[in-house]
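A quick write-up on the structure given underneath.
The chains referred to below are lettered A, B, ... by the order of the sequence lines, with proteins before strands, and numbering in each begins at 1. All values below were derived from every heavy atom in this structure, side-chain atoms included, with hydrogens, water molecules and symmetry-related copies excluded.
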Protein chains: 8
Amino acid sequence: MKIHSNSTLLMIGDSITDCGRARPIAEAVSWDLGNGYVALIHALLGATCPGQNIRIRNTGISGNTVRDLAARWQSDVLDLKPDWLSIMIGINDVWRQFDAPLQIEWHVPLDEYASILEHLVRTTRPHLKGLVLMTPYFIELNQADPMRAMMDRYSEVVRQLAGQYQAILVDTQAAFECILTAVHPMALASDRVHPNLAGHMVLARAFLQALEHAW
Amino acid sequence: MKIHSNSTLLMIGDSITDCGRARPIAEAVSWDLGNGYVALIHALLGATCPGQNIRIRNTGISGNTVRDLAARWQSDVLDLKPDWLSIMIGINDVWRQFDAPLQIEWHVPLDEYASILEHLVRTTRPHLKGLVLMTPYFIELNQADPMRAMMDRYSEVVRQLAGQYQAILVDTQAAFECILTAVHPMALASDRVHPNLAGHMVLARAFLQALEHAW
Amino acid sequence: MKIHSNSTLLMIGDSITDCGRARPIAEAVSWDLGNGYVALIHALLGATCPGQNIRIRNTGISGNTVRDLAARWQSDVLDLKPDWLSIMIGINDVWRQFDAPLQIEWHVPLDEYASILEHLVRTTRPHLKGLVLMTPYFIELNQADPMRAMMDRYSEVVRQLAGQYQAILVDTQAAFECILTAVHPMALASDRVHPNLAGHMVLARAFLQALEHAW
Amino acid sequence: MKIHSNSTLLMIGDSITDCGRARPIAEAVSWDLGNGYVALIHALLGATCPGQNIRIRNTGISGNTVRDLAARWQSDVLDLKPDWLSIMIGINDVWRQFDAPLQIEWHVPLDEYASILEHLVRTTRPHLKGLVLMTPYFIELNQADPMRAMMDRYSEVVRQLAGQYQAILVDTQAAFECILTAVHPMALASDRVHPNLAGHMVLARAFLQALEHAW
Amino acid sequence: MKIHSNSTLLMIGDSITDCGRARPIAEAVSWDLGNGYVALIHALLGATCPGQNIRIRNTGISGNTVRDLAARWQSDVLDLKPDWLSIMIGINDVWRQFDAPLQIEWHVPLDEYASILEHLVRTTRPHLKGLVLMTPYFIELNQADPMRAMMDRYSEVVRQLAGQYQAILVDTQAAFECILTAVHPMALASDRVHPNLAGHMVLARAFLQALEHAW
Amino acid sequence: MKIHSNSTLLMIGDSITDCGRARPIAEAVSWDLGNGYVALIHALLGATCPGQNIRIRNTGISGNTVRDLAARWQSDVLDLKPDWLSIMIGINDVWRQFDAPLQIEWHVPLDEYASILEHLVRTTRPHLKGLVLMTPYFIELNQADPMRAMMDRYSEVVRQLAGQYQAILVDTQAAFECILTAVHPMALASDRVHPNLAGHMVLARAFLQALEHAW
Amino acid sequence: MKIHSNSTLLMIGDSITDCGRARPIAEAVSWDLGNGYVALIHALLGATCPGQNIRIRNTGISGNTVRDLAARWQSDVLDLKPDWLSIMIGINDVWRQFDAPLQIEWHVPLDEYASILEHLVRTTRPHLKGLVLMTPYFIELNQADPMRAMMDRYSEVVRQLAGQYQAILVDTQAAFECILTAVHPMALASDRVHPNLAGHMVLARAFLQALEHAW
Amino acid sequence: MKIHSNSTLLMIGDSITDCGRARPIAEAVSWDLGNGYVALIHALLGATCPGQNIRIRNTGISGNTVRDLAARWQSDVLDLKPDWLSIMIGINDVWRQFDAPLQIEWHVPLDEYASILEHLVRTTRPHLKGLVLMTPYFIELNQADPMRAMMDRYSEVVRQLAGQYQAILVDTQAAFECILTAVHPMALASDRVHPNLAGHMVLARAFLQALEHAW
């Protein structure tokens with residue numbers, strides 16, 4: 001397990017991370033972390049290595065884009081002084097370009113996405129013991145689908161930042177891809193974005209595998 | 001307009017037809033027809049040819065497959081003695097095969113679908129002044145998607161029955177296809193099945209155009 | 001269609017425009033525009049010419065008179081910099097004189113109504129690509145009814161402003177009049193003001209016809 | 001006061017009588033009689049002649065027509081063995097012909113209305129110490145309005161039955177007419193049917209004046 | 001009727017006056033005046049002399065003592081510039097001495113009550129066309145009951161102020177006394193304070209009789 | 001303590017006994033016994049002699065008169081085979097004669113009350129190890145009050161039955177009388193019937209003192 | 001993994017199994033399995049071996065003892081013809097003896113527990129491909145605690161039955177014991193019975209390890 | 001009874017004291033004191049010595065530690081100028097160390113607890129007629145349980161402060177210990193912290209016995 005014992009892991013992101021977590025800062029107590037992959041990671045750690053004392057905190061907010069993260073970065077990341085940080089952002093940056101095509105000020109274009117995210121990673125990395133970057137994803141096998149194609153480009157940005165800044169990469173798209181060889185996307189997420197519990201377990205497992213956690 | 005003046009039009013189907021309609025039989029009064037294409041058809045007729053006195057009734061029920069329609073056909077269609085009948089069924093027959101792949105008793109295979117629907121149409125047609133058959137649809141442009149491909153086969157059954165039994169065909173898939181040249185499916189329905197109001201208007205317009213209604 | 005492609009249309013008014021829209025500014029996404037004529041116009045455009053990219057926004061507020069519009073004009077119209085603007089106001093200005101006759105400070109007399117509305121139109125028109133003025137209405141055929149008679153005088157103000165300021169006029173009273181030759185007002189609106197869905201479709205159709213939109 | 005001391009007065013009718021009364025049989029306790037003219041009559045009697053011990057019971061049901069009254073006459077009138085009976089019915093019999101013109105089985109034509117009401121009055125009158133017949137009404141001054149005109153014909157039936165069967169007539173239309181010389185119908189009832197508290201007081205006053213109750 | 005035509009009557013007091021009225025200032029529209037004696041007075045005026053145009057406003061607040069009235073006198077009385085004013089206060093001033101005997105800062109002793117009320121009446125009277133002072137009351141016949149006895153002393157203060165400042169006195173205790181010769185207090189108010197509708201009608205009738213209103 | 005160890009005590013009555021207890025039969029678990037004297041007795045026993053194992057069950061129902069008890073005696077008393085039984089009934093038998101004077105079929109006159117209660121006690125006593133009879137009460141010091149006077153006559157019936165059938169008498173009226181020398185009834189029960197927690201403690205204490213329970 | 005591909009696993013038990021599952025029979029769709037160990041097992045299988053097609057169904061009911069299982073065994077187990085069955089029962093059988101010591105008919109003594117459970121296992125085993133028996137547990141390290149001591153005896157019954165009837169044993173008490181070397185019981189379940197998500201993951205992991213499922 | 005007549009007793013603490021009390025300061029009126037030991041003490045005093053006029057106020061807040069008390073000491077204790085003060089704090093100071101072991105800033109270590117509490121007692125004692133210090137408790141008989149062991153150390157701090165500052169000590173742990181010889185902790189509190197009504201009566205009785213109150 002790469003995360004050090006007795007350290008704090010802060011997880012930030014959008015609705016996939018939020019999942020109804022407690023406000024203002026969700027702690028790893030009971031269901032307060034929400035009912036998504038963050039809570040599952042906490043439960044998996046609690047059931048396998050409770051003595052490692054890894055404290056998880058969650059500041060994901062539904063609907064957020066990377067712009068929203070930047071706006072609350074000071075209070076929701078830096079002020080909390082986490083040892084480790086996990087970021088999964090980008091789905092809404094892309095999605096709004098397809099479900100709200102006319103609301104252009106809601107869109108975050110690729111270059112702006114890359115620029116903001118790079119800034120956040122670069123300035124924060126020095127303060128961290130470790131950083132995890134999770135790609136955004138779209139639970140759609142057809143790579144020609146315009147929204148899938150665009151999401152892949154945003155994921156590529158995350159991949160490059162991970163390499164550049166010594167972050168652990170969690171390739172969520174690849175994790176889902178693997179499952180989708182056996183089941184149709186409809187069995188994971190009717191909107192191809194918000195997974196059911198099995199889908200969140202795919203995310204949690206990919207996260208823990210990237211961190212070399214032993215089950 | 002092909003529907004005769006002073007006649008009753010009964011519309012039956014699944015959640016797309018239901019849309020929160022009143023129980024047990026929804027009448028064309030206020031919002032009681034639900035908030036979907038049925039209500040829009042009523043409103044469009046009311047705003048353009050109120051003197052034609054076409055009474056719309058709605059007995060759609062969310063989640064229904066063609067099996068469910070057959071089970072309630074006597075009370076929800078035959079006993080109501082409509083002049084005209086509209087049927088849109090099949091989406092759930094297909095969907096369950098993808099979002100609940102292990103619950104096989106929830107699936108309605110193609111041959112059973114065809115057989116039941118043919119029976120309903122054949123025995124009911126003689127009692128009607130007119131019949132409208134609406135295909136099921138999947139708001140997905142990729143024809144290689146397994147769920148889209150299967151839905152097309154179910155739609156083909158409807159198309160053949162329409163020809164065989166002098167019914168008016170409403171090709172809902174084609175109607176959506178046309179819109180999808182301009183917008184991504186996400187702009188109509190996040191789950192590719194339950195459309196927003198614009199999507200319901202696509203259905204209503206396709207219906208009225210098939211009936212040669214003048215706007 | 002007179003509204004230009006790729007332009008924004010802002011619609012402001014009272015409860016007929018509001019219809020439960022989202023706050024603070026309703027966008028043309030899903031049901032957020034409310035369940036009235038604004039949403040229907042959006043849906044009709046979406047179902048017939050989605051490629052024209054006309055973005056509709058709604059800032060109607062229930063109970064508003066022209067005084068209320070003036071008080072929030074800066075934030076709810078000018079700051080939003082729409083290409084096109086649609087205004088329907090006046091029903092409450094008149095109604096309060098009849099259902100709350102003693103609450104005289106709630107009444108907006110004809111001259112004040114004309115003066116405020118003229119001011120808003122005159123100062124805003126130069127910033128717009130196009131302006132639509134919708135008359136207020138009262139779904140009552142008896143022109144001798146005092147409230148109908150007064151409403152007609154307010155509508156006349158709107159008609160004159162439309163001519164004077166190159167606005168497109170939507171004569172909503174005339175649109176309803178035409179329907180009322182076939183049905184009693186009770187079939188559209190029990191209070192003669194808040195129409196059912198068919199009544200809102202009458203408004204939407206009148207709007208789109210005035211704009212020469214092809215169905 | 002024509003109603004005898006120590007007697008029971010049963011009041012039956014539609015939503016105007018119902019007004020949210022308690023079920024199954026509303027007693028003259030607190031607000032259980034509903035918040036309409038029935039409760040006001042009880043309160044006016046209680047405040048002026050509490051010693052007369054007139055017990056009021058209410059079995060009005062919203063939406064009822066004279067057909068509905070006939071169907072529940074045994075349980076809701078005869079079984080209760082009232083000394084006095086008051087009936088106000090007919091508004092829905094007429095209204096449905098205007099707000100639901102296509103739902104013809106919901107309409108009660110004039111001859112059927114007269115026939116059923118005459119039967120109820122004729123067979124019940126011998127069991128009563130006294131009978132009060134209240135006309136239906138429509139809070140509309142324009143006698144040429146089709147709904148007002150039809151309502152007047154139904155009221156005429158009530159007037160004739162009152163004369164024929166020694167019943168006390170309460171001319172509710174006349175009572176409202178008098179008020180409408182001073183205020184517009186909108187000040188009493190936005191739908192011209194369901195009055196506000198002042199409108200219910202008009203009904204209560206007309207009732208008590210017809211019974212020669214001294215204030 | 002002593003209240004002049006075309007004048008405004010403001011009514012202030014405690015829960016008996018409040019009765020669930022609208023906020024911040026209740027107008028004589030529909031049920032907004034609450035469901036107590038204020039609304040009944042409005043309805044009785046509306047049903048008998050609608051042309052006199054007497055506008056009633058209600059600023060009663062549940063639980064208020066005369067201290068609370070004084071604290072909000074500027075905003076809830078003076079700023080509203082009524083023509084006529086009606087005050088009924090004192091029940092809570094007394095009640096708290098009996099149901100919360102240890103919470104002494106909640107009690108308003110007789111001298112403080114007299115002093116504050118005298119101040120309010122003296123400074124406000126010159127700005128009014130007319131003033132109505134309603135005594136507090138306790139629906140209890142036993143004059144030896146300590147709470148009844150104390151309430152009578154508070155009522156005496158009101159009576160003296162009425163004489164001193166040319167106000168119309170409404171002796172609510174006397175009005176109830178008269179009814180209680182026929183029924184037990186339990187038939188009006190289970191807590192001897194908050195009357196049912198018949199009890200509120202007793203108050204409304206006493207008010208209108210004091211004002212020489214003709215039914 | 002007169003109640004034997006390891007025995008069951010069933011308590012039946014009206015709203016004072018009910019107090020929101022669980023259905024169908026309330027057990028002495030947590031708050032299921034309601035929030036009145038029954039729960040307090042259970043708690044007092046649990047805090048002082050938990051080893052005596054006295055199981056309390058509650059079948060009180062709000063609004064009950066002795067007639068209602070008789071109607072459910074088989075299922076709610078006899079079938080439960082309690083060792084000890086406690087009955088407190090009669091308040092509603094009397095109250096309805098004062099708060100609903102015209103609803104005479106709701107009244108239970110003294111002779112009927114005595115006759116039914118005597119029958120219940122006589123036929124049940126042989127099956128019990130012990131019986132507790134609690135008088136009804138009215139928290140009113142004025143013995144000339146008609147409702148208090150009548151309640152005293154009903155209590156006298158209970159007292160006589162207790163003597164006649166070897167039951168333990170709990171004189172609840174006397175228990176309250178004693179408290180009322182120090183506080184006004186308003187401090188215990190605004191309607192003189194439903195006490196606050198202190199009033200329920202008066203009942204619980206009177207019960208336990210009659211049973212010679214040591215605190 | 002011992003459970004065969006393409007087979008159905010039915011899980012039955014008490015509140016730990018129920019966890020708010022859908023009624024009447026919970027399917028492995030979305031959150032319908034509840035939010036406990038059953039859903040976690042489903043999610044873990046879905047995230048690691050979705051192609052094995054193991055269908056999980058849940059018929060746990062909160063509060064059940066083995067007596068309740070027996071009463072619904074036909075409809076909730078046998079009629080469903082599962083390939084595999086998992087049973088976890090006994091916590092309430094023991095718990096009621098401690099939190100409701102006087103309600104003895106709620107207790108299931110050890111011999112009755114053993115006898116009923118043995119009967120269910122013996123008669124059902126021949127119809128199954130595989131059986132999983134999960135012991136009850138009490139999240140309490142102190143083996144001298146009377147409830148823990150009793151629970152251990154009930155668990156011993158389960159262990160013996162597993163050996164006797166070729167069932168896979170899941171020793172839930174041992175699984176928790178291991179975690180409790182690192183954390184206090186309060187970190188898993190404040191009542192030592194209903195675990196938080198980490199506690200449910202302990203159960204899910206113990207289950208899958210017993211079945212030799214590879215993560 | 002040690003508390004003087006005509007004095008005020010303020011009770012402060014955590015959820016055991018709070019129990020849903022009214023805000024901001026709970027008075028001894030009806031159920032406003034919450035449904036725990038504070039209300040029971042008030043009721044027991046009210047039922048035995050109502051003339052002593054002891055006014056109880058409650059400012060307990062759920063979840064509080066001694067740190068939270070200190071932060072609101074000025075407004076919630078000193079500003080209220082009570083004659084007597086009762087403090088029960090410490091359960092959460094200890095509990096968080098066991099149910100949220102990683103959230104270390106939520107823990108209040110023993111020395112900090114002692115230091116803060118000593119400061120509050122020392123500075124407040126001179127302003128009081130009397131002070132009651134209630135120990136925290138853990139309803140667990142096993143003294144080797146780490147949470148019980150730690151709670152005993154916190155209680156010891158309270159005991160010493162009571163001796164040092166002339167406060168009356170209520171040894172709540174001892175009071176429960178005595179009951180637990182007869183029943184298992186599960187019969188009082190499933191989480192060993194929040195007792196049922198019988199458990200709260202144990203606290204109330206211990207309090208009143210320490211104050212030498214005669215039942």
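Salt-bridge formation is detected for the pair F:Arg159/F:Glu156: a Lys NZ or Arg NE/NH1/NH2 atom is positioned less than 4.0 Å from an Asp or Glu carboxylate oxygen. Note on H:Asp99 versus H:Arg96: salt bridge recorded, some NZ/NE/NH1/NH2 to OD/OE distance being below 4.0 Å.
If you measure heavy-atom distances from H:Ser190 to chain F, you find no contacts under 4.5 Å at all. Looking at H:Leu203, neither its backbone nor its side chain comes within 4.5 Å of chain F, counting heavy atoms on both sides.
Considering CG of H:Leu120 and CD1 of H:Ile87, their distance stands at 6.5 Å, rounded to 0.5 Å.
There is a side-chain donor-acceptor pair under 3.5 Å between H:Tyr37 and H:Thr17. For the residue pair F:Arg72/F:Asn64, the side-chain donor-acceptor check at 3.5 Å is satisfied. F:Tyr113 and F:Thr65 form no side-chain donor-acceptor contact under 3.5 Å, judged by distance and modelled atom types alone.
Side-chain contact check for F:Leu40 versus H:Leu40: some heavy-atom pair is nearer than 4.5 Å.
Ranked by non-hydrogen atom pairs under 4.5 Å with chain F, the options H:Gly46, H:Pro50, H:Gly51 are led by H:Pro50.
Interface residues of residues 163-188 of chain F toward chain H, defined by a heavy-atom distance below 4.5 Å and sorted by number: F:Ile179, F:Ala182, F:Val183.
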